[in-house]
Amino acid sequence: MPAYRPEEIEKKWQAHWKAHRTFQAQNHSEKPKYYVLDMFPYPSGAGLHVGHPLGYIASDIVTRYKRLRGFNVLHPMGFDSFGLPAEQYAIQTGQHPALTTEKNIETYVQQLSSLGFSYDWSREVRTSDASYYKWTQWIFLKLFNSWYNLDTNKAEPLTELTARFAASGSDGIRAAGDDGDRLSFSAGQWQLFTEKQKLAAVLPYRLAYQQDTFVNWCPGLGTVLSNDEVKDGLSERGGFPVERRLMPQWNLRITAYADRLLQGLDQLDWPDAVKEMQRNWIGKSIGAEVTFPVLPARASGAAGQVSDTPAAASATSGTPSDTPDVASEASKATSGAALSSSGGSEIKVYTTRVDTIYGATFLVLAPEHELVDVITTPAQRAAVDEYIAATKRRSERDRMTDVKAVSGVFTGAYALNPVNNEPVQIWLADYVLAGYGTGAVMAVPSGDQRDWLFATHFGLPIPAISDAQKDIDQQADPTKEGRYINSGIINRLTYKEATPKLIAFLEEKGLGKGKVNFRQRDAIFGRQRYWGEPIPIYYKDGTAYGIAESDLPLVLPEIDEYKPTETGEPPLGRAQNWLYRDKYPYELSTMPGWAGSSWYYLRYMDPTNEARFVSEEAEQYWGSVDLYMGGAEHATGHLLYARFWYLFLKDLGLVSSGEPFQKLINQGMILGRSNFVYRINGTNKFVTLGKKDQYETTALHVDVSILENDVLDMEAFRKWRPDYNEAEFITEDNGTYVSGWEVEKMSKAKFNVVNPDVLIGKYGADALRLYEMFLGPLEQYKPWNTNGISGVSGFLKKLWRLFHPEDGPLAVTDEPATPAELKVLHRAIQKVQEDIEKFSFNTSVSLFMITVNELTALKCHKRAILEPLVLLVSPYAPHLAEELWQELGHEAGSISHAGYPEFREEFLVEDTVVYPLAINGKVREQMQFAAAATAAEIETAVLASDFLAKHGEGKSAKKVIVVPGRMVNVVV
RNA sequence: GCGGAUAUGGCGAAAUUGGUAGACGUGCCAGACUUAGGAUCUGGUGCCGCAAGGCGUGUGGGUUCGAGUCCCUCUAUCCGCACCA
């Protein structure tokens with residue numbers, strides 16, 4: 001009596017697949033290739049909950065479908081195995097993170113296997129394996145040894161840069177990055193540089209470079225974090241406060257690629273939300289840079305003071321102690337130049353609304369602006385110093401939560417508005433960010449609400465500049481409508497006319513130019529942590545060198561404790577005798593979490609290659625990822641970094657496609673469904689949901705595993721916790737205890753985490769896979785609700801019974817199929833194909849149920865119908881399909897490549913069609929016609945029938961609309 | 001504030017793209033079988049109404065013979081960014 005026993009079937013086939021390497025992909029094939037990628041997980045100690053596999057199930061369905069369709073599919077899995085949790089655990093317990101990670105990966109592999117995914121495990125990669133991170137380090141060295149040539153608009157090896165230095169000095173070289181950090185020298189001077197000076201001169205060109213940078217420092221974690229690891233001023237992991245701090249850091253020059261990263265988005269088949277997030281993150285804005293000369297202090301009336309000497313300036317701009325000498329000479333040189341130009345100084349501002357410049361009545365500098373010390377008058381110095389100190393005391397979080405408060409201080413200095421030569425006051429305020437644009441803005445209170453608030457608060461003038469502006473004593477008007485007034489050369493012009501005219505005017509006077517700005521900053525690339533890739537850099541005489549490629553990998557050394565050293569160095573400072581070539585100290589920070597994940601999809605193509613990160617043949621064969629499945633939370637982190645690395649590798653000729661991920665699908669998060677019991681206050685009595693309003697109660701979370709369909713297992717509840725041993729219940733009238741529920745994120749504290757292992761044990765992996773798909777649209781956020789799983793479980797049993805009526809042995813007949821049966825089958829063939837290609841898996845599952853119900857009603861046990869049906873179901877319920885496929889007499893494990901059943905439209909065509917008949921759109925009757933009837937024939941038949949007489953209330957037809965196959969509407 | 005999405009029975013949802021709204025599944029009601037089970041099967045189940053009938057896809061309008069679907073308005077919820085000049 002072989003009833004459907006999923007646990008036996010699933011074990012059997014999982015073992016078969018493993019033993020026969022059924023899903024191993026070859027790097028060459030006659031078939032077309034298809035690459036389906038899941039975002040690989042960080043193997044956390046908690047294991048998988050029921051929400052994690054959602055995307056994996058969907059991608060596995062696509063994978064299996066594509067195999068049926070005759071593709072050579074690459075579908076790998078691996079682990080992003082460097083990361084903070086294992087290290088935090090190591091700090092607490094002393095257990096090596098590698099051990100923790102290894103153990104967690106085992107759990108993951110076991111859980112993933114039990115879901116029946118068709119991964120090619122022979123290609124598994126782990127970012128923490130030295131054989132993998134050797135190549136992560138190798139790519140870092142490539143970045144370290146490259147610069148970005150703006151003339152060719154791509155990255156090039158540094159050797160080409162130094163060759164140009166030797167030939168013609170630094171003149172005429174246009175490189176991405178901040179020219180202010182770079183020296184100017186002739187070929188002759190270059191020749192005379194020492195090695196150290198040469199390296200220092202080259203450093204600001206490198207795509208991986210070291211620089212003093214304002215960073216998000218997290219004292220709680222003892223490390224710096226990237227912007228996307230900080231949420232609301234707290235660390236994403238752990239929720240510790242984060243502060244701004246100036247530290248020497250390794251950076252990657254992702255800004256060199258900002259425009260290409262932006263342009264590339266247009267051709268990608270990604271969700272609009274993700275593309276838009278990346279666009280905002282890159283934050284391209286088109287505007288102008290305008291120079292405001294600072295008035296000499298003596299002339300600036302109200303201030304009437306002598307400004308400080310230039311010498312004070314370079315003290316604050318600060319030269320980092322470990323930055324090579326030449327570079328610091330450079331920064332001194334630039335600030336010196338700025339000061340000497342006009343006897344006073346000048347302030348550059350960035351604006352996207354240069355058309356409003358006649359309304360600019362004051363300037364605002366960021367408190368960190370380098371000219372603050374220079375221009376502040378003695379009378380204002382105390383106030384300015386106090387304001388800067390207060391700004392520093394405010395944490396990043398305060399600044400964020402407190403955006404509405406207006407604060408600022410007058411420097412006492414004045415500048416000249418370059419278009420009308422009016423003096424304007426120079427203020428400081430922390431709403432201006434040092435890191436964006438020039439760190440200074442021109443304030444136009446009539447056109448910008450923030451400037452308006454500032455002006456109102458400090459009593460500054462608010463002149464109107466457009467005839468469209470109204471109520472500017474109430475609020476600013478930022479619209480671009482109307483014509484300009486009080487605006488010199490652009491009076492009476494519109495926005496579109498004024499902007500180019502002003503830019504031309506400013507360029508002519510040498511006081512401004514059109515400029516594109518990006519919000520995106522370079523990516524900080526170091527973490528003061530142990531469990532990450534060591535950065536392959538060593539120091540000789542204080543200068544950074546990349547280690548030789550032949551010395552890779554630089555293996556993570558063993559250390560005694562996973563904490564910073566007593567002197568505050570990163571944990572790697574504890575390593576004993578950890579020296580390059582026994583002499584030179586290594587860099588002590590490690591790479592951030594996103595390093596290894598930025599290129600893993602390439603390694604899957606050729607995972608064991610020891611000579612290259614991926615062989616040319618494998619890279620060219622697999623190309624880019626055709627379908628990438630993962631969570632939306634990586635929109636501005638991983639997905640941007642990975643694209644950046646790909647473009648860089650492409651510049652070096654190491655990869656061959658335009659973009660790494662062609663199509664991206666974000667699976668929605670599965671939320672938890674918490675259950676509650678209601679304790680009557682002051683008692684140990686619990687009252688059911690239906691009667692709780694009769695008592696004063698407290699709602700308490702209860703473990704969702706001791707309920708079924710919101711009905712509490714009262715015995716299990718008593719055993720759940722000791723203090724509930726004696727619990728009493730007030731039940732519904734039918735004797736059950738019904739609990740309340742609410743949707744929340746899954747978490748242990750809410751007792752709403754549903755473990756897939758439990759459900760697999762109870763219903764089988766096929767049922768779980770089907771149910772997760774059935775739950776709703778893939779990309780939608782949705783609450784988990786175990787209730788419905790019995791429905792899909794019932795479907796699998798019914799499917800089984802089509803093959804084993806009476807639960808006996810296989811009993812299919814070779815009778816020819818009837819038209820009714822063929823219609824059911826071919827509708828399914830067509831629909832499932834459409835659904836998978838639209839990623840609409842939930843409707844496929846519904847269709848399977850309908851199909852099985854109908855075949856059951858038709859008592860259809862025919863091979864001609866059931867065999868193709870098994871193929872249709874196989875991507876969704878692979879274990880059951882394999883079992884039935886074998887029982888039908890096919891070779892074990894052969895279903896994956898058996899081919900998708902052929903769809904024949906003629907089986908769907910009906911002999912007759914029932915048309916609803918409507919009068920003025922209101923359906924009144926139904927009438928049957930031959931399927932082949934023409935619209936004219938139907939119209940004639942309807943008019944000839946007694947339909948109009950019955951429903952038309954004596955009116956005659958004005959128009960008859962026949963919608964083929966759908967309805968006939970008579971307009972009277 | 002800016003950007004993106006969503007809104008349909010008690011619940012998850014579907015709707016062949018403008019053509020009988022609510023398929024399928026849960027839940028609920030009734031029934032069958034039964035060594036009471038969380039098994040299997042059958043029927044019913046949007047709302048109001050005894051019925052005839054009426055009303056129904058977040059709100060209010062519009063286009064159309066016909067609107068969940070197209071256009072405009074508003075509202076609510078969720079997500080992302082956020083003093084970016």
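Just so we're on the same page: letters track the sequence lines, and every chain starts at 1. Hydrogens, waters and symmetry mates are skipped; everything else that's a heavy atom, side chains included, is used.
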Subject >> Heavy-atom pair with the smallest gap, counting every atom of Ala443(A) and Val364(A) >> reply: CB-CG2, 4.2 Å
**OP:** Give Pro777(A) one of three labels, base, sugar-phosphate or nothing, depending on what nucleic acid heavy atoms sit under 4.0 Å from its own.
**Re:** sugar-phosphate
Subject >> N-O pairing of Arg279(A) and Glu276(A) below 4.0 Å >> reply: yes
Original post:
Looking at rC81(B), rA13(B), rC83(B), which one has an atom nearest to any side-chain atom of Arg519(A)?
Top reply: rC81(B)
Original post:
In whole Å, what separates the P atom of rG12(B) from that of rA7(B)?
Top reply: 12 Å
Subject >> First encountered from the 5' end of RNA chain B, between Glu276(A) and Thr351(A) >> reply: Glu276(A)
Original post:
When you measure from the side chain of Ile850(A), which nucleotide among rA14(B), rA23(B), rA85(B) comes out closest?
Top reply: rA23(B)
Subject >> Whole-Å C1' distance, rC33(B) and rA39(B) >> reply: 11 Å
**OP:** Take atom C1' in rA14(B) and the same atom in rC81(B), then report the distance between them in whole Å.
**Re:** 34 Å
**OP:** Can you measure from OH (Tyr431(A)) to CZ (Phe454(A)) and round to the nearest 0.5 angstrom?
**Re:** 5.5 Å
Original post:
In whole angstroms, how far is the C1' atom of rG4(B) from the CD atom of Gln278(A)?
Top reply: 14 Å
Original post:
Using the purine O4'-C1'-N9-C4 or pyrimidine O4'-C1'-N1-C2 torsion, is rG58(B) syn (within 90° of 0) or anti?
Top reply: anti
Original post:
What's the closest nucleotide to the Met849(A) side chain, out of rA13(B), rG25(B), rG4(B)?
Top reply: rG25(B)
**OP:** Would you please confirm or rule out a distance under 4.0 Å between OP1 or OP2 of rA85(B) and any side-chain N or O of Tyr436(A)?
**Re:** yes
Subject >> From rA13(B), rA85(B), rC24(B), nucleotide with atom closest to Asn842(A) side chain >> reply: rA13(B)
**OP:** Identify the residue among Lys798(A), Arg801(A), Lys797(A) that makes a side chain to side chain contact (heavy atoms under 4.5 Å, CB included) with Val852(A).
**Re:** Lys798(A)
Original post:
Rounded to whole angstroms, how far apart are CD on Glu779(A) and P on rG80(B)?
Top reply: 17 Å
**OP:** Please answer whether the main-chain N or O of Pro478(A) pairs with a side-chain N or O of Arg353(A) as donor and acceptor at a distance below 3.5 Å.
**Re:** yes
**OP:** Specify the residue among Arg801(A) and Gly437(A) whose closest nucleotide of RNA chain B lies further upstream toward the 5′ end.
**Re:** Arg801(A)
**OP:** Would you mind telling me which of rA85(B), rG80(B), rA14(B) lies closest to the side-chain atoms of Met277(A)?
**Re:** rG80(B)
Subject >> Separation of rC79(B) P from Glu633(A) CD (nearest whole Å) >> reply: 13 Å
Original post:
When the ring planes of Phe841(A) and Tyr876(A) are compared, do they come out parallel, tilted or perpendicular, using 30° and 60° as the limits?
Top reply: perpendicular
Original post:
OP1 or OP2 of rG4(B) less than 4.0 angstrom from a side-chain nitrogen or oxygen of Asn280(A), does that happen here?
Top reply: no
Original post:
Within less than 4.0 Å of OP1 or OP2 of rC84(B), is there a side-chain N or O belonging to Asn517(A)?
Top reply: no
**OP:** Take atom NZ of Lys831(A) and atom C1' of rU17(B), then tell me their distance rounded to the nearest Å.
**Re:** 13 Å
Original post:
Taking atom CG of Leu363(A) and atom CG of Leu428(A), what is their separation to the nearest 0.5 Å?
Top reply: 11.0 Å
Original post:
What is the nucleic acid contact for Lys284(A), judged by heavy atoms within less than 4.0 Å: base, sugar-phosphate only, or nothing?
Top reply: nothing
Original post:
Expressed as a whole number of Å, how far does the P atom of rA23(B) sit from that of rC11(B)?
Top reply: 15 Å
Original post:
Rounding to the closest angstrom, what is the interatomic distance between rG49(B) and rG10(B) at atom P?
Top reply: 15 Å
Original post:
Taking the chi torsion of rU40(B), is it syn (within 90° of 0) or anti (everything else)?
Top reply: anti
**OP:** Can you figure out which of rG38(B), rA23(B), rC83(B) approaches the side chain of Tyr763(A) most closely?
**Re:** rG38(B)
Original post:
Can you tell me how far P of rG25(B) sits from CG of Leu768(A), to the nearest Å?
Top reply: 19 Å
Original post:
Are any non-hydrogen side-chain atoms of Val704(A) and Trp784(A) less than 4.5 angstrom apart?
Top reply: no
Subject >> Nearest-Å distance once atom P is located in both rU6(B) and rU16(B) >> reply: 16 Å
Original post:
Is a side-chain donor or acceptor of Arg769(A) paired with a backbone partner of Ala877(A) at a separation under 3.5 angstrom?
Top reply: no
Original post:
If you look at every strand shown and take non-hydrogen atoms under 4.0 Å, does Asp451(A) touch a base, only sugar-phosphate, or nothing?
Top reply: nothing
Original post:
Does Glu7(A) use its side chain to pair, donor to acceptor, with the backbone of Gly761(A) at less than 3.5 Å?
Top reply: no
Subject >> Backbone N/O of Thr391(A) and side chain of Asp430(A): donor-acceptor pair under 3.5 Å >> reply: no
Subject >> 5'-to-3' dot-bracket of RNA chain B (Watson-Crick, G-U; under 3.5 angstrom; crossing pairs as [ ]; | other strand) >> reply: (((((((..(((......[....)))((((((.......))))))(((....)))..(.(((..]....))).))))))))....
Original post:
When rounded to the nearest Å, what value does the distance between P atoms of rA5(B) and rG54(B) take?
Top reply: 39 Å
**OP:** Take atom CG of Asp835(A) and atom C1' of rC24(B), then tell me their distance rounded to the nearest Å.
**Re:** 12 Å
**OP:** Scan residues 441-450 of chain A against RNA chain B and write down, sorted by residue number, each residue with any heavy atom closer than 4.0 Å; if none is found, say none.
**Re:** Val441(A), Arg450(A)
Subject >> Whole-Å P distance, rU63(B) and rC50(B) >> reply: 37 Å
Original post:
Gln833(A) has an atom CD; how far is it from atom C1' of rU16(B), in whole Å?
Top reply: 15 Å
Subject >> Nearest-Å distance for atom pair CG/C1', residues Leu847(A) and rA15(B) >> reply: 14 Å
**OP:** Supply the atom-to-atom distance Ile462(A) CD1 to Trp452(A) CH2, rounded to the nearest 0.5 angstrom.
**Re:** 6.0 Å
